[in-house]
Amino acid sequence: MNFHEEEILGKAYDSRLMKRLLQFLYPYRSKVTLAVGLLLIAAIIQLAGPFLTKIAIDRYIAHGNVHGLKLIAMIYFAILGVQYVISFVHQYLTAWIGQNVMFDIRAKIFTHLQKLPLSFFDKNPVGRLVTRTTNDVETLNNMLSSGVVAIFGDVFVLVGIIIVMINLNWQLALLTFTVLPLIIYASFLFRKKVRESYRKIRLRIARINSYLQENISGMTTVQIFNREKKNFDRFMELNNSYKEAHLETIRYYAIFFPAIEIISSLALALILWYGGIKIIDHTLTLGIVVAFVQYSERFFQPIRDLSDKYNIMQAAMASSERIFKLLDTPEQIMVPENYLPLPPAKGEIEFRNVTFSYNGTDNVLKNVSFKIKPGEKVAVVGATGAGKTSLISLITRMYEPTQGKILMDGVDTSRLKVRELRRRIGVVLQDVFIFSGNIEDNIRLGNQDISFEEVVEAAKNVNAHKFIEKHSHNYRHKLSERGSNLSVGQKQLLSFARALAFKPEILILDEATSSVDTETEHLISDAINKLMEFRTSLIIAHRLSTIQHADWILVLHKGEIRERGTHQELLKQGGIYYRLYQLQFNK
Ligand code: TTP
Ligand code: MG
């Protein structure tokens with residue numbers, strides 16, 4: 001699998017990406033403005049504390065003014081109260097905005113995914129798309145809640161402190177700043193190291209995720225082939241390397257943060273030493289020195305946090321790059337420009353010189369032409385890999401032909417609205433997909449126009465009613481994920497009921513190759529005949545009984561139509577169909 005994409009880490013700030021991210025904030029602009037405003041007020045209040053201390057010491061304590069001291073203490077408390085309220089509102093507000101933006105982005109990704117052409121999903125593994133919608137979106141949330149806005153606030157506080165310090169006493173201020181090069185150098189080192197190990201963490205968790213996914217969905221095979229030990233060993237390798245990456249990050253944090261502590265203590269020592277001398281000289285007041293001590297503490301904290309935030313920003317930029325790349329993948333055009341209305345249903349299908357390839361090089365279908373008249377039932381036969389399933393995915397436009405045209409009642413399907421086209425066609429696929437939910441939901445698939453009576457009628461028609469009735473909750477019987485509590489035959493009958501409930505004008509059926517017992521076989525072939533009744537049908541047949549009910553047969557061989565005719569005609573020809581018949585159907 002390709003993890004390259006997860007590895008890319010670029011700039012910590014990219015104005016093009018930022019502009020697009022800001023669009024997601026737009027609906028919440030008044031709240032964002034409020035949050036930024038509160039942040040600035042909080043920053044100013046932070047500056048007030050040490051200043052009040054200075055006044056308390058120099059103006060009141062030094063002159064024994066108890067009344068003034070009380071007053072200043074009350075102001076200090078009041079300010080603490082205000083700070084508390086502001087912090088609360090600010091934190092809640094930022095988190096609220098963050099959660100809502102994430103909510104919107106997830107919704108956008110999901111709708112977008114649903115509109116992408118199937119060829120996209122052939123190229124992108126499930127795990128990657130899941131990561132986009134969950135982890136990557138979460139990284140963006142980190143940026144919103146503790147990245148970009150907080151940096152803004154931090155810088156504001158820093159500048160404020162610098163101005164106040166210089167105004168209070170510029171010599172003492174310069175002395176405090178002498179440790180800055182040390183801090184900047186340490187932060188630089190830390191940032192570089194931690195960035196590396198964060199990248200390792202992300203890469204390794206992605207590996208664990210995809211390995212897990214593969215092992216869980218392939219559990220049957222793992223257990224049958226006694227692969228448990230081998231797969232466990234491999235997992236432990238991945239698990240261990242993931243742990244190591246985390247420990248590495250923790251080591252860097254453990255080195256960096258205490259180092260910064262020591263450097264800021266150094267600054268504190270300088271302030272006390274120089275300030276102490278000046279106090280003794282009577283060239284500086286005690287209040288100023290105490291205020292400096294407090295300011296210097298507030299000064300180093302944002303600097304320390306900046307390197308952490310830099311990493312958050314960088315990860316967020318990488319995530320948003322990936323999210324936007326996904327969102328920028330062109331959607332399938334559901335409504336073509338100058339689309340044509342779908343004429344009233346007759347049910348005619350025509351392929352005109354259709355050539356098709358999944359990857360652009362190997363043609364799976366080659367110059368295929370045929371016409372099915374309204375109401376005709378046509379069977380397609382051919383060896384495995386001949387291109388039968390591919391043929392029918394083109395009709396519903398799950399894929400687009402590379403060359404040629406497909407016409408529905410005389411209209412080029414590429415000029416139709418995709419939804420209109422699909423509404424007209426009932427499709428039963430080779431692999432039946434069951435959604436978690438009850439039986440009724442799985443037949444109706446959320447279409448409220450289909451009444452419960454119609455669901456039951458469809459089920460009765462395709463012989464599914466009997467087994468459904470046996471369940472204690474009937475149509476409300478809960479199906480587990482991917483229908484694991486249904487037999488293969490039951491799943492097929494259910495998918496027939498699904499197709500029939502939608503009352504399609506045209507039926508496309510890809511018969512499953514799996515064999516079932518004679519009784520179920522009988523139920524299924526009976527159901528298929530009922531499905532084909534009164535409608536144009538194109539059936540990929542693996543059963544003799546299905547073929548016998550067809551008006552004529554198309555023989556597909558390596559992507560080409562090689563023979564066509566009725567069962568009897570083809571047998572007489574003694575060609576590919578004859579051989580297939582001998583091998584596959586003449587049991
Ligand atoms: P299919 O059209 O799936 O062949 P089939 O339906 O005739 O076979 P079966 O009877 O086993 O159901 O495949 C034709 C070729 O296209 C085959 O070489 C595999 C390739 N293919 C892809 O490359 N990508 C796809 O998504 C599919 C479905 C097939
Ligand atoms: Mg097939």
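Counting starts at 1 for both ligands and their atoms, following the listed order.
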Do [Y] and [X] meet the salt-bridge criterion of a basic N to acidic O distance under 4.0 Å?
X: D441; Y: R498; value: no
X: R322; Y: D136; value: yes
X: E420; Y: R422; value: no
X: E440; Y: R444; value: yes

**Message:** Strictly under 2.8 Å, is the Mg ion (ligand 2) approached by any N, O or S atom of S390?
**Reply:**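 It does not; every qualifying atom lies at 2.8 Å or beyond.
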**Asked** Measuring to the Mg ion (ligand 2), does T384 have an N/O/S atom at a distance below 2.8 Å?
**Response**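 So T384 does not count as coordinating the Mg ion (ligand 2).
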**Request:** Taking the six-membered ring of Y242 (Phe, Tyr or Trp), confirm whether the NZ or CZ of R207 is under 6.0 Å from its centre and within 45° of its axis.
**Result:**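 Judged by the rule (NZ or CZ under 6.0 Å from the ring centre, within 45° of its axis), R207 is not positioned above Y242.
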**Message:** Against ligand 1, does A386 come closer than 4.0 Å with any heavy atom?
**Reply:** yes
**Asked** Out of T384, T389, L365, whose heavy atom is nearest to atom 6 (O) of ligand 1?
**Response** T389
**G382-ligand 1 polar pair, N/O distance under 3.5 Å** = no
**Asked** Relative to the heavy atoms of S390, which atoms of ligand 1 are at a distance of less than 4.0 Å?
**Response**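 Heavy-atom distances to S390 below 4.0 Å select 1 (P), 2 (O), 13 (O), 14 (C).
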**Asked** Which atoms of ligand 1 are found less than 4.0 Å from any heavy atom of Q430?
**Response** 9 (P), 12 (O)
**Message:** Just by distance, no angles: are the side chains of H567 and Y581 close enough, under 3.5 Å, to form a donor-acceptor pair?
**Reply:**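 There is no such pair (donor and acceptor under 3.5 Å, judged by atom type) between the side chains of H567 and Y581.
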